[in-house]
Amino acid sequence: KIMMDDGVNPIHVYSTLLNVSIMHGWVEMATKLYREMLNEGIEPKQCSLRSPIGYRKRLDEFFARMKNETKKGSNPIF
């Protein structure tokens with residue numbers, strides 16, 4: 001309510017906070033923010049999930065490369 005009264009679009013604030021939380025691995029904080037967003041009636045937009053999806057894709061690629069290196073004889077870590 002305060003953000004909207006000040007002319008700030010809360011979806012952008014929540015999206016930024018979600019992205020930063022996920023980027024730093026703060027899953028609990030991201031979950032709380034997402035829940036708060038829904039409770040406040042703020043509908044998530046594509047921008048709210050763009051970075052988390054991007055991070056997931058990059059992590060998947062990283063782990064695939066790790067597995068490939070392990071097959072080459074590197075020291076496996078998983």
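The first residue in the sequence is number 1, and the count goes up from there.
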(Q) On a heavy-atom basis, which atom in I42 and which in P10 lie closest, and how many Å separate them? (A) CD1-CB, 3.7 Å
Q: Mind listing the closest non-hydrogen atom pair of I11 and E43 along with its distance?
A: CD1-O, 3.3 Å
Q: Just jot down the side-chain contact (heavy atoms from CB on, under 4.5 Å) partners of L17, sequence neighbours excluded, or say none.
A: V13, L33
Q: Working to the nearest 0.5 Å, report the span between NE2 of H24 and CG of N19.
A: 11.0 Å
